[in-house]
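Sequence lines set the chain letters: A, B, ... in the order given, protein chains first and strands last, and positions in each chain run from 1.
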Protein chains: 2
Amino acid sequence: MTEQQRRPTLMDVAEAAGVSRALVSIVMRGAPGAAEATRQKVLDAARELGYRPDSRARLLRSTRTKLLGLSFSTAHAFHAEIVDAAYAEAGAKGYELALGGVTSGRPEARTIEALLDFGSEALILISPTLSSDELARYASQVPVVSLLRNDVGDATDSVSSDDYAGIRMAVEHLVSLGHRRIVHIDGGSAVSAEPRRSAFRAEMERRGLEPAIIAGGAMEEDGMTAGNSLGPVMPTAVIAFNDRSALGVIESLRAQGQRVPADVSVLGYDDSQFARLSYVQLSSISQDAPQLAAAAVDRAVARIEGTQSAGHVVRTPHLVARRTTAAPPAGG
Amino acid sequence: MTEQQRRPTLMDVAEAAGVSRALVSIVMRGAPGAAEATRQKVLDAARELGYRPDSRARLLRSTRTKLLGLSFSTAHAFHAEIVDAAYAEAGAKGYELALGGVTSGRPEARTIEALLDFGSEALILISPTLSSDELARYASQVPVVSLLRNDVGDATDSVSSDDYAGIRMAVEHLVSLGHRRIVHIDGGSAVSAEPRRSAFRAEMERRGLEPAIIAGGAMEEDGMTAGNSLGPVMPTAVIAFNDRSALGVIESLRAQGQRVPADVSVLGYDDSQFARLSYVQLSSISQDAPQLAAAAVDRAVARIEGTQSAGHVVRTPHLVARRTTAAPPAGG
DNA sequence: TCAGGCTTCTAGATCGTTCTAGTGAACTGA
DNA sequence: TCAGTTCACTAGAACGATCTAGAAGCCTGA
């Protein structure tokens with residue numbers, strides 16, 4: 001039943017209402033300069049015809065698109081939360097969001113090109129993988145905000161979470177519970193793995209404790225493998241690279257007959273939906289995705305509308321203590 | 001350092017290359033009708049100026065946008081897999097994808113409007129929540145394909161998975177392992193909950209078994225609550241509404257001292273990433289998201305390019321047996 | 001030599017809006 | 001009464017591309 005008739009234009013509405021195109025334009029975008037009576041007449045005619053303004057033509061004329069391009073990775077459930085928050089914040093600021101997914105078969109650069117083609121006035125890239133130079137090239141066309149990654153050079157804005165502070169809190173939390181034998185299962189080559197690793201080393205040494213680090217990764221499997229290798233030198237607490245790794249660690253500990261948190265405490269990172277699962281209740285470091293997203297949108301809009309130059313915003317994460325951390329066993 | 005200079009247009013390139021705008025247009029879109037030498041000259045000039053065609057202007061003129069609008073829900077990790085597959089299929093067919101997220105604060109209708117504003121030639125909606133009438137209204141403007149839901153009326157296309165067949169397979173699998181006391185923990189008011197529920201009832205009765213159904217839901221918590229209520233009449237197998245619910249069920253059973261699958265088998269639905277987690281290895285019914293996505297894109301493109309009328313495609317799911325289903329205990 | 005047919009290129013209209021610069025009428029206040 | 005102001009409205013250019021129709025140049029063959 002699809003009616004393939006040409007969709008109505010301003011011109012059609014103008015004719016139907018017996019006014020000029022310009023006046024219809026004024027009415028349609030709610031601009032001042034039309035009498036209430038005519039306004040109604042025009043609106044009625046528009047509704048009657050099922051008129052829908054052609055955004056391409058509209059945007060072509062009025063250079064502003066009020067569009068923010070946001071790239072995210074479909075592989076990270078965590079990114080979905082950011083998208084949510086970004087929609088809310090963008091909407092509040094009167095901007096629309098153009099989403100671009102990065103998948104295994106669709107490199108970041110392709111996604112960015114698509115976002116620019118849609119007419120994005122600024123780009124927000126979640127954990128961009130491009131080099132600083134490549135990012136700078138895009139940043140010369142349009143403001144670019146890197147989210148969750150801050151080593152992006154000076155041409156690109158960034159909004160990130162303070163990994164050092166996060167790990168410091170994690171260690172502080174565990175030490176204050178009485179733990180001293182703490183192991184960090186790291187993120188391998190994942191983004192943010194390096195700063196968390198060195199933050200752990202620095203903070204443990206500062207406290208005169210031994211910074212034991214085991215190679216891990218970002219997925220459950222990595223946490224499990226690493227957890228299995230704890231074996232003989234079982235610590236009383238583990239700080240995982242992220243929540244998913246932490247889940248793997250917990251599963252591995254369970255299989256080894258260790259109770260969490262009675263025998264071993266496990267702390268995640270990200271405070272993702274996995275951490276919040278009612279049967280998991282994972283203690284975790286929260287980067288507060290909604291706030292980060294809002295900050296990124298803020299930054300992008302400020303860059304579009306003002307003449308501010310690129311800057312780097314760093315937010316402090318916070319600890320969410322749930323049920324996987326507790327005091328170490330008496331003999332520990 | 002963002003250079004706020006006006007971005008170059010066809011006109012600029014034409015002047016730089018010493019030719020007409022029309023010729024630059026020809027070269028830029030790779031159309032025939034330009035000599036190789038001039039073609040190079042134009043391309044060089046374009047590269048020199050950093051020219052990037054303005055898609056708004058281009059699309060305004062050439063009605064075709066080659067754009068498919070895809071709406072998904074940020075709350076369902078499952079949807080991300082569909083997005084992935086849709087990107088691949090659309091790309092192969094020469095189409096670009098415009099993504100629209102549906103969140104708690106952003107109703108489906110708003111997302112659809114945005115997708116249409118981008119110039120989508122067709123809409124693919126994952127599990128749309130709008131009424132058939134509302135869908136039909138959009139379908140009168142542009143082809144609409146409903147994905148994962150098929151009761152959408154005749155104006156809208158649909159691509160879905162056969163829930164009856166899926167549940168039939170689930171029961172068949174468990175029965176062939178020797179189970180007879182099978183419980184279905186349903187999806188409450190979730191999409192697809194009803195067909196799965198009645199399919200379970202019908203299939204069990206067909207086999208002369210009692211169709212025990214317990215109220216559940218789509219999340220881990222629901223599965224846990226339902227699992228806890230199994231108590232005294234412990235079955236030997238459970239078919240959960242979906243994987244997340246199944247995870248809750250498993251956790252609940254574990255807490256009650258039941259081993260999975262030695263004492264109780266648990267079967268999920270969706271074959272999501274949760275099911276595939278190495279420490280879960282959940283047996284599940286797979287709807288094969290990539291195939292469904294590809295079919296939906298196919299359908300949308302066929303509708304755009306051909307004159308086919310709306311149709312409903314139903315695909316048969318299949319069983320993925322992992323480690324949570326096995327023969328019932330000897331005494332069972 | 002010249003009609004006919006390529007190939008290569010161009011002028012100008014066009015897409016559906018918004019924007020600029022106005023027009024004309026009604027209303028003010030001295 | 002009349003200059004000044006406000007209000008409602010309009011004509012036509014503009015945005016940056018594509019498309020149509022046609023021109024110019026060159027080759028071909030009779």
Inset, instruction - Identify whether any heavy atom of B:Thr38 sits under 4.0 Å from a base atom; if not, whether one sits that close to sugar-phosphate; answer base, sugar-phosphate or nothing. - result: sugar-phosphate
Inset, instruction - Would you kindly give the CD-to-P distance between A:Glu36 and D:dC9, to the nearest whole Å? - result: 11 Å
Inset, instruction - Let me have a per-nucleotide readout for nucleotides 17-22 of chain C, 5' to 3', with B, S or -, counting only protein heavy atoms under 4.0 Å. - result: BBB---
Atom pairs and distances, donor-acceptor, side-chain atoms in residues 8-18 of chain B, under 3.5 Å, two or more places apart:
| from | atom 1 | to | atom 2 | distance (Å) |
| --- | --- | --- | --- | --- |
| B:Thr9 | OG1 | B:Met11 | N | 3.1 |
| B:Asp12 | OD2 | B:Thr9 | N | 2.8 |

Legend entry - Value in whole Å for how far the P atom of D:dC19 lies from CG of B:Leu60: 12 Å
Inset, instruction - Would you mind checking if B:Arg64 and B:Glu121 are paired as a salt bridge, meaning a charged N to carboxylate O distance below 4.0 Å? - result: yes
Inset, instruction - Tell me, please, which residues at least two apart from A:Ser131 pass side chain to side chain donor-acceptor pair (under 3.5 Å). - result: A:Glu134
Inset, instruction - Answer yes or no: is there an ion pair linking B:Asp157 with B:Arg303, defined by an N-O contact shorter than 4.0 Å? - result: yes
Inset, instruction - Send over the distance from A:Lys41 NZ to D:dA8 P, rounded to a whole Å. - result: 13 Å
Inset, instruction - Specify the separation, in whole Å, of atom CG of B:Leu23 and atom C1' of D:dC19. - result: 14 Å
Sequence neighbours left out, cut at 3.5 Å: what donor-acceptor pairs do the side chains of residues 85-94 of chain B make with other protein atoms?
| from | atom 1 | to | atom 2 | distance (Å) |
| --- | --- | --- | --- | --- |
| B:Tyr87 | OH | A:Gly101 | N | 2.9 |
| B:Lys93 | NZ | B:Asp298 | OD1 | 3.2 |

Legend entry - Check ion pair B:Asp117-A:Arg56 (N to O, under 4.0 angstrom): no
Could you go through residues 39-47 of chain A and list every donor-acceptor pair under 3.5 Å that involves a side-chain atom there, pairing it with any protein atom two or more places apart or in another chain?
| from | atom 1 | to | atom 2 | distance (Å) |
| --- | --- | --- | --- | --- |
| A:Arg39 | NH2 | A:Ala31 | O | 3.0 |
| A:Asp44 | OD1 | A:Arg47 | NH2 | 3.0 |

Legend entry - Five-pair end axes of the helix from C:dT1-D:dA30 to C:dA30-D:dT1 and the angle they enclose, rounded to 10°: 50°
Legend entry - Salt-bridge criterion met for A:Arg106 and B:Glu96 (N-O under 4.0 Å): yes
